[in-house]
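Before any comments, here is the structure.
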Amino acid sequence: MSLYYFDNAATTVLDEDVFNEMRPFMMINYGNPSSLYTLGKISKQAIEKSRSDIAKIINSKPSEIYFTSGGSESDNMAIKGIARAYKQKGNHIITSSIEHPAVLETCKDLEKEGFKITYLPVDQFGSINLKQLETSITPSTILISIMFANNEIGTIEPIESIGKIASKYNIPFHTDAVQAMGAIRIDVKELNISALSFSAHKFYGPKGVGALYISEDIDFQRLISGGHQEKEKRAGTENVAGIVGMSTALNKSYANLTDHNTSIKNLRDYFLSEITKKFPDIKINGSILKRLPGNANISFRNRDRKKILDKLDSVNICASAGSACSAGFLKQSHVLNAIGMPKDYSGNSLRITIGKYNTKEEVDFLIKTLAEIVPQC
Ligand SMILES: *Cc1c(COP(=O)(O)O)cnc(C)c1O
């Protein structure tokens, strides 16, 4: 039975070209980058080449890129690292109510250390309000952390305007760009971003590797102590193959960005228009215009999404009930709560996220399957 993978916001398959670049760094050039002999230097050079490739893509300096184990670690490192470094200056952090748990739970940890967090609400489309952001700023605000694009409903936040406000008040601005990286061009200088988190497995790279850009103008404390790696800001032997895979995947994503985004968006829009024809009373969650190209998040009226997902799984269709993290529990998503779901729609959302390998035939099968199963659920 073939597999129909429509959960590209949860993770993506590894691109074969990426794997081919990674393989030698596991099987042949496996030296520890800290070792002084040639085998070690080959690893070290590969890391530094990846660092400068990634820096070029986001318009930073290579020295402003720190490799991590993924998006969650990068979010923790940025938010805890900056908060603890600036705690003499103030204890107030502004974030949004629709962040990924990697940001929300990190903020909860910091509340226990005495930091005060403002969780900005969002409108019905999932956007924060810029006026509200600005009026929330106090003399003790030391960090603004707002995601670039939401993982559940695909809404792209007004990052350029947030950056302008942060820079006007001279407050560090971190953004969780895990969903945006590889899908949207990001220039950290132009957007006044002080810290940016991303993760390779969301753009056809390997799992367990990510990075954090932090501007050299911003101070931060490390999370992981140990060896001298990453300028003593993140200890641990580097994931050399993963880092090489991440930079290869990122280069490839941006080299083909326009083509991929056009075909992904066309498939997404085709799905939405066909599914609306079959089920005129569905609700499309999030913004239509300011939205990631591959994201479709819909709610069926008075249906049981657990049944829908089980039936989809039985024909090998992978889809999500919202986010991967809440899917296992199937509790009502904090994002859908924040955009104000009507009661007969709440708990019935389905997230379809299209990737570069999806085809029109696959989408047709998805639509046909949903048309059959939803009325039974
Ligand atoms: C996937 C995701 C994360 C977590 O990244 P990991 O690499 O899985 O730790 C954080 N934020 C957002 C928006 C995500 O989509």
Side-chain angles (χ1 to χ4, degrees), residues 5-14 18 54 65-80 95-109 119 122 126-128 145-157 159 162 174-184 186 193 195-213 223-224 234 236 239 242-243 245-247 249-250 253 285-287 290-297 318-328 333-336 338 351-355:
Y5 189 75
F6 293 109
D7 203 11
N8 288 279
T11 193
T12 50
V13 66
L14 189 67
V18 172
I54 291 170
I65 304 287
Y66 298 86
F67 293 118
T68 68
S69 66
S72 300
E73 187 188 330
S74 295
D75 285 340
N76 273 266
M77 182 166 157
I79 297 169
K80 288 179 177 155
T95 187
S96 84
S97 52
I98 61 161
E99 298 294 316
H100 188 274
V103 169
L104 290 177
E105 294 296 317
T106 299
C107 288
K108 290 211 183 108
D109 289 351
Y119 299 92
V122 293
S127 290
I128 66 145
S145 179
I146 307 282
M147 69 200 320
F148 208 114
N150 183 267
N151 46 302
E152 293 188 36
I153 54 177
T155 302
I156 300 168
E157 296 299 328
I159 294 299
I162 299 169
H174 165 253
T175 184
D176 173 340
V178 176
Q179 290 291 330
M181 204 66 172
I184 299 172
I186 300 175
I193 295 168
L196 179 96
S197 304
F198 51 97
S199 181
H201 75 102
K202 302 288 175 85
F203 47 83
Y204 311 95
K207 291 171 184 58
V209 61
L212 175 66
Y213 149 80
L223 284 185
I224 300 180
R234 201 282 187 181
N239 178 356
I243 290 167
M246 177 162 61
S247 64
L250 207 53
S253 295
N285 303 314
S287 166
K290 291 175 192 142
R291 190 184 194 104
L292 290 170
N295 177 290
N297 189 311
C318 306
S320 162
S323 67
C325 310
S326 60
S333 128
H334 68 288
V335 177
L336 296 180
R351 182 186 70 178
I352 300 293
T353 42
I354 312 268

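The structure displayed is predicted, hence computed values, not measured ones. First listed ligand is number 1; within each ligand, the first listed atom is number 1. Keep in mind that the numbers below use all heavy atoms, side chains included, and drop hydrogens, waters and symmetry copies. Numbering starts at 1 and runs along the sequence shown.
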Problem set entry | Under 3.5 Å donor-acceptor, Q179 side chain and G154 backbone | no

Seminar exercise, completed: heavy-atom search around atom 4 (C) of ligand 1 in the protein gives S72 OG, 3.6 Å

Seminar exercise, completed: So the atoms of ligand 1 within less than 4.0 Å of a heavy atom of H201 turn out to be 6 (P), 7 (O), 8 (O)

Exercise. Is E99 in contact with ligand 1, taking contact as a heavy-atom separation below 4.0 Å?
Worked result: no

For this session: Would you tell me which option among H100, E152, Q179 has the nearest heavy-atom contact to atom 10 (C) of ligand 1?
Result: H100

For this session: Verify the distance criterion only: is there a donor paired with an acceptor across the side chains of S74 and T68 at less than 3.5 Å?
Result: yes

Exercise. Between R234 and E73, does at least one N-O distance fall below 4.0 Å, as a salt bridge requires?
Worked result: yes

Exercise. Which atoms from ligand 1 have a heavy atom of N151 less than 4.0 Å away?
Worked result: 13 (C), 15 (O)

For this session: Heavy-atom contacts with G70 under 4.0 Å: which atoms of ligand 1 show up? List them by number with element.
Result: 7 (O)

Seminar exercise, completed: for atom 5 (O) of ligand 1, nearest protein heavy atom and its distance come out as G71 CA, 3.4 Å

Seminar exercise, completed: atom 7 (O) of ligand 1 sits nearest the protein heavy atom S199 OG, 2.6 Å

Exercise. Starting from atom 14 (C) of ligand 1, which protein heavy atom do you reach first, and at what distance in Å?
Worked result: K202 NZ, 3.1 Å

For this session: Could you check atom 11 (N) of ligand 1 against the protein and tell me its nearest heavy-atom contact, residue, atom and distance included?
Result: D176 OD2, 2.7 Å

For this session: Verify the distance criterion only: is there a donor paired with an acceptor across the side chains of K207 and T11 at less than 3.5 Å?
Result: yes

